[in-house]
Amino acid sequence: MSYSSALRTKLPAYWKLVRLDKPIGILLLLWPTLWALWLASDGLPDWRLLLIFTLGTALMRSAGCALNDYADRDFDRHVKRTAERPLTSGKIRGWEALVIAAVLSALAFLLILPLNLLTKQLSLAALAIAGSYPYFKRFFAIPQAYLGIAFGFGIPMAYAAVQGQVPPAAWLLLLANVAWAIAYDTEYAMVDRDDDLRIGIKTSAITFGRMDVTAVMVSYAIALGMILAIGWQLGLRWWFAAGMAVAAGFAVQHYTLIRERDRMGCFAAFRGNNYLGAAVFAGIALDYAFA
């Protein structure tokens, strides 16, 4: 078999390795980054920054998936939902996942070369956080909080790119994203709780125990409350409030999906966070557009 033929046969496995068949992860990174770009630029982000951060988000999410699967390759075979992932099932090798992660990370860094030094420095911190996240599940009781930092680090980077600094509002927005990540990734972890207990992985769904549903809803309340306070302080008003109300409505709907702890319901709630993030963004964008 020629090299090109071998590559073509592996492309579907590479596609699945970086989760391009499941773009929900990219969207959960992208929405907070877009919130920050709009807030940092008073609703008028430079189109070049918008392109750089959108492509960079997709590349870094994909790189993170490859790194995560490499780190979890010995655990994933024991989890029903992940047993057939390309690396675990043997369709690709570990070194291939590492090469893909390195190439995607390098491409993401090339994108930000035109940006200021602070943004580049923050990108290195983002890479370190993303690379170390998979190992937090070995010892950290609520790795979802660390995931929230990894998934939200586009926030301080966006502010740095627009303003040349990272003001307190950016760090508060990052904290809000941490709370949001605890909410949606606990829903995700509730799907795998039995498998994770058996193999010894730590997750918030295990740590919270029978308080898991309550913890999810409290996390939603904290996240939305903080975002509402940030927007109000920055002068956003009724369109923004409407978007936040819609987002809160999605959070309430998620309660109806997870309260019985049904696997499919919890997974549906997790996926529904795309709409929650979009509602927050729509409120921010519309408020600036009609100010």
Side-chain angles (χ1 to χ4, degrees), residues 15-40 45 47 49-69 81-82 85 101 104-105 107-108 111 123 126 129-130 133 144-158 161 173-174 176-191 216 219-220 223-224 226-227 240 243-244 246-251 253-254 257-258 264-286:
W15 187 267
K16 290 184 178 179
L17 173 72
V18 299
R19 309 289 197 279
L20 289 179
D21 58 324
K22 299 176 181 177
I24 179 64
I26 293 174
L27 293 168
L28 292 176
L29 270 81
L30 184 59
W31 291 126
T33 304
L34 294 180
W35 304 343
L37 280 173
W38 255 255
L39 292 172
W47 69 268
L49 286 180
L50 184 58
L51 181 62
I52 287 170
F53 275 91
T54 300
L55 291 176
T57 294
L59 288 169
M60 285 308 299
R61 166 58 180 166
S62 297
C65 288
L67 285 172
N68 184 78
D69 282 11
R81 184 180 50 80
T82 60
R85 283 180 174 172
L104 293 175
S105 298
L107 290 173
L111 281 174
S123 76
I129 293 167
Y133 162 70
Q144 283 71 18
Y146 197 71
L147 178 73
I149 299 173
F151 269 35
F153 221 75
I155 293 170
M157 287 180 63
L173 192 59
L174 179 59
N177 192 71
V178 169
W180 184 36
I182 291 173
Y184 66 65
D185 208 54
T186 298
E187 293 169 342
Y188 192 67
M190 288 166 72
V191 176
V216 167
S219 296
Y220 274 134
L224 294 176
M226 291 182 71
I227 297 170
F240 171 65
M244 295 302 297
V246 172
F250 282 121
Q253 181 207 18
H254 295 175
L257 293 170
I258 68 173
M264 295 307 297
C266 292
F267 191 63
F270 164 73
R271 290 177 59 85
N273 280 277
N274 174 43
Y275 302 109
L276 190 154
V280 174
F281 172 69
I284 294 170
L286 288 172

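The shown structure was predicted, so the numbers you read here are calculated from the model rather than taken from an experiment.
Looking at residues two or more places apart in sequence or on another chain, you find a side-chain contact (heavy atoms from CB on, under 4.5 Å) between Leu111 and Ile52, Leu55, Leu59. Partners of Leu67 by side-chain contact (heavy atoms from CB on, under 4.5 Å), not counting sequence neighbours, listed by chain and number: Leu98, Ala101. For Tyr220, the ring-ring contact (aromatic ring centres under 6.0 Å, His included) test picks out His254, with sequence neighbours left out. With sequence neighbours left out, the side-chain contact (heavy atoms from CB on, under 4.5 Å) criterion links Ala179 to Ile222, Ala223. Partners of Tyr133 by side-chain hydrogen bond (donor to acceptor under 3.5 Å, both in side chains), not counting sequence neighbours: none found. For Phe53, there are no ring-ring contact (aromatic ring centres under 6.0 Å, His included) partners, not counting sequence neighbours. Looking at residues two or more places apart in sequence or on another chain, you find a side-chain contact (heavy atoms from CB on, under 4.5 Å) between Leu286 and Trp239, Phe290. Remark: Trp31 pairs with Asn274 by the side-chain hydrogen bond (donor to acceptor under 3.5 Å, both in side chains) rule, at least two apart or across chains.
Distance check: Ile26 CD1 to Phe151 CZ gives 10.0 Å after rounding to the nearest 0.5 Å. Atom CD1 of Ile155 is separated from atom CD1 of Ile149 by 11.0 Å, given to the nearest 0.5 angstrom. Here CZ of Arg61 is found 12.5 Å from CG of Leu104. Values are rounded to the nearest 0.5 Å. Here Leu17 contributes atom CG and Asp69 contributes atom CG; the two are 5.5 Å apart, rounded to the nearest 0.5 Å. Annotation: the span from Arg271 atom CZ to Tyr188 atom OH amounts to 10.0 Å, rounded to 0.5 Å. The OG1 atom of Thr57 sits 8.5 Å away from atom CE of Met157, with the distance rounded to the nearest 0.5 Å.
Of all heavy-atom pairs between Leu224 and Met244, the closest is O-CE, 3.3 Å. Between Ala145 and Val178, the shortest heavy-atom distance links the atoms O-CG1, 3.7 Å. Shown here for Leu20 and Ser62, the closest heavy-atom pair between the two residues is CD2-OG, 3.9 Å. The shortest heavy-atom contact between Ile258 and Met190 is O-CE, 4.0 Å. The two residues Leu174 and Gly152 have their closest heavy-atom pair at CD1-O, 3.3 Å. Contact record, Ile227 with Leu173: CG1-CD1, 4.1 Å, taken as the closest heavy-atom pair.
Atom OH of Tyr275 has 12 or fewer heavy atoms from other residues, nucleotides or ligands within 6.0 Å.
Applying the side-chain hydrogen bond (donor to acceptor under 3.5 Å, both in side chains) rule to pairs touching residues 176-186 yields Gln144-Asp185, Trp180-Asn273, Thr186-Ser204, sequence neighbours excluded.
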Please determine whether side chain to side chain contact (heavy atoms under 4.5 Å, CB included) holds for the pair Ile182 and Leu147, giving the CA-CA distance in whole Å, both sets of side-chain angles, and the decisive distance to 0.1 Å. CA-CA 8 Å; Ile182 291 173; Leu147 178 73; over 6 Å; no
Determine, step by step, whether Phe250 and Val280 satisfy the side chain to side chain contact (heavy atoms under 4.5 Å, CB included) criterion, reporting the C-alpha distance in whole Å, the side-chain angles of both residues, the deciding distance to 0.1 Å, and the verdict. CA-CA 11 Å; Phe250 282 121; Val280 174; over 6 Å; no
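Using a 4.5 Å cut-off on side-chain heavy atoms (C-beta onward), Arg19 and Arg85 make contact.
Partner Phe281 forms a ring pair (Phe, Tyr, Trp, His ring centres under 6.0 Å) with one of Phe240, Trp38, Trp35 and no other, that one being Trp38.
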